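Only one structure is covered here, and it is reproduced in the block below.
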Amino acid sequence: MAVSVLLADDHPLTRSGIAAFLREQAPELELVGEAEDGAEAWRLLVATRPQIALLDIRMPGEDGIALVRKLRAEGVPTRAIMLTAYNAQGYVLAALAAGAKGFVVKSSAVKELQRAIDVVMSGGMYLDSQISRVVGAEEVLVEPLTEREREVLLLASRGLSMKETGAVLHIAERTVQAHLGSAYGKLGAKNKTEALLLAIKHGMLLLDELLEDGEP
C-alpha cells in the first residue's frame with residue numbers, strides 16, 4: 001500500500017518540483033494534498049490524516065514547527081519531515097523538540113526525500129548532513145555537565161541573554177559566560193545549536209525540558 005504524503009511549502013517552484021517527483025517517480029508514495037501556507041496545511045492534515053507530512057519550516061501563517069506542535073497536541077499520528085534551507089539550522093532544535101522526525105535540505109536531490117520517508121516510516125529519524133554531523137558523530141566520552149552548566153545551557157535554549165540568565169540564577173554575567181564556555185568545551189560544540197543537540201544526544205538535556213517555559 002502506498003504511503004500517503006501531504007506537501008506544504010510556500011515556494012511554488014519547490015512545491016511543484018517535489019509534487020511532480022512524488023506523482024511521476026515514486027509509485028510507492030501517494031500525494032494526498034498540497035498547501036502553500038500554514039492554515040491550508042492544517043486543514044488538509046486534519047482532513048486527510050497522511051502518514052507523512054513534508055512541511056516547510058517557514059510559511060505564511062503558522063510555520064512548519066507550529067504545525068508539528070499541533071499534530072502532537074491533537075494526537076494526530078502523522079510523521080513530519082521538515083523542508084529546510086542551509087541557513088535554517090537555528091530552527092532545528094525547536095523542530096526536534098516539537099516532534100519532527102526528519103530534515104531534508106531543499107537543495108538536495110529529490111531522491112533524498114524518498115530516503116527520508118523510508119527512514120521515518122521505519123521508525124527512524126532522518127537528518128541532513130549538517131545536522132547528522134553533530135547528532136550522528138562517532139561516540140566519544142564526554143565529561144558530564146555540572147548542574148549549573150545545565151541550567152545555563154537550558155536558559156540559553158529559551159533565548160535568554162547572558163545578562164537575563166544571570167538575573168534568573170542570581171549570578172554574575174561573567175559567571176554565566178564562564179559556565180557556557182565550559183559546557184561548550186566539554187561537549188565539543190562550536191555554537192549554541194550544536195551544544196544543545198550534543199547535550200540531548202548524550203542524555204544531559206531532555207527534549208521535554210526544552211518544551212517547558214519555566215525556570216530550570
Side-chain angles (χ1 to χ4, degrees), residues 38 55-58 62-76 79-82 84-103 105 120 123-216:
L55 303 175
D56 190 2
I57 283 184
R58 301 186 69 178
E62 290 183 298
D63 61 22
I65 295 173
L67 291 174
V68 176
R69 291 194 186 104
K70 286 181 73 170
L71 287 172
R72 180 176 176 176
E74 297 292 332
V76 180
R79 302 175 189 183
I81 296 175
M82 312 308 291
T84 182
Y86 279 115
N87 61 0
Q89 191 175 10
Y91 294 93
V92 170
L93 195 69
L96 275 174
K101 299 299 182 184
F103 298 84
V105 175
V120 170
M125 176 174 282
Y126 186 91
L127 303 174
D128 70 61
S129 59
Q130 286 193 76
I131 306 305
S132 62
R133 179 178 63 81
V134 177
V135 179
E138 182 179 353
E139 289 292 336
V140 294
L141 290 176
V142 175
E143 182 182 351
L145 300 181
T146 66
E147 185 58 30
R148 184 62 90 193
E149 288 165 351
R150 283 187 75 261
E151 290 173 337
V152 168
L153 193 56
L154 188 56
L155 289 172
S157 78
R158 295 171 183 161
L160 272 68
S161 68
M162 290 189 187
K163 182 177 181 179
E164 291 168 333
T165 296
V168 170
L169 299 177
H170 306 292
I171 57 178
E173 186 175 346
R174 62 178 179 275
T175 305
V176 173
Q177 187 173 9
H179 284 309
L180 201 56
S182 178
Y184 282 18
K186 287 180 177 180
L187 294 167
K190 298 176 182 177
N191 53 50
K192 182 174 71 175
T193 299
E194 284 194 3
L196 290 167
L197 288 169
L198 285 164
I200 291 169
K201 176 186 177 183
H202 293 292
M204 298 177 191
L205 287 178
L206 301 177
L207 285 175
D208 285 347
E209 291 182 287
L210 303 179
L211 293 172
E212 297 173 3
D213 295 324
E215 298 178 10

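Nothing here was measured: the structure is a model prediction, and the numbers come from that model.
His179 and Val152 get closest at one heavy-atom pair: CB-CG2, 3.9 Å. Between Phe103 and Ile81 the shortest heavy-atom distance is N-CG2, 4.3 Å. Contact detail for Ala156 and Leu180: the closest heavy-atom pair is CB-CD1, 4.5 Å. Taking every heavy atom of both residues into account, Ala189 and Leu198 meet most closely at CB-CD1, 4.2 Å.
Rounding to the nearest 0.5 Å places CD1 of Ile65 at 5.5 Å from CD1 of Ile57. The structure places CD of Glu164 at 10.0 Å from CG of Leu155, a figure rounded to the nearest 0.5 Å. The distance from the CE atom of Met82 to the CG atom of Asp63 is 7.0 Å, given to the nearest 0.5 Å.
In this view, Ala199 and Leu153, Leu187, Met204, Leu205 satisfy the side chain to side chain contact (heavy atoms under 4.5 Å, CB included) rule, not counting sequence neighbours. By the side chain to side chain contact (heavy atoms under 4.5 Å, CB included) test, Ala172 pairs with Arg174, Thr175, sequence neighbours left out. Applying the side chain to side chain contact (heavy atoms under 4.5 Å, CB included) rule to Gln177 yields the partners Met162; only residues at least two apart in sequence or on another chain are considered.
Looking at heavy atoms from C-beta onward, Arg148 lies in side-chain contact with Ile171 at the 4.5 angstrom threshold. Put simply, the side chain of Lys186 reaches to within 4.5 Å of the side chain of Thr146, judged on heavy atoms.
Panel note: side chain Ser157, backbone Leu154; a donor-acceptor pair is recorded below 3.5 Å. The closest donor-acceptor contact from the side chain of Tyr184 to the backbone of Lys192 lies under 3.5 Å.
Counting non-hydrogen atoms of other residues, nucleotides and ligands closer than 6.0 Å to CZ of Arg58 gives a total of 12 or fewer.
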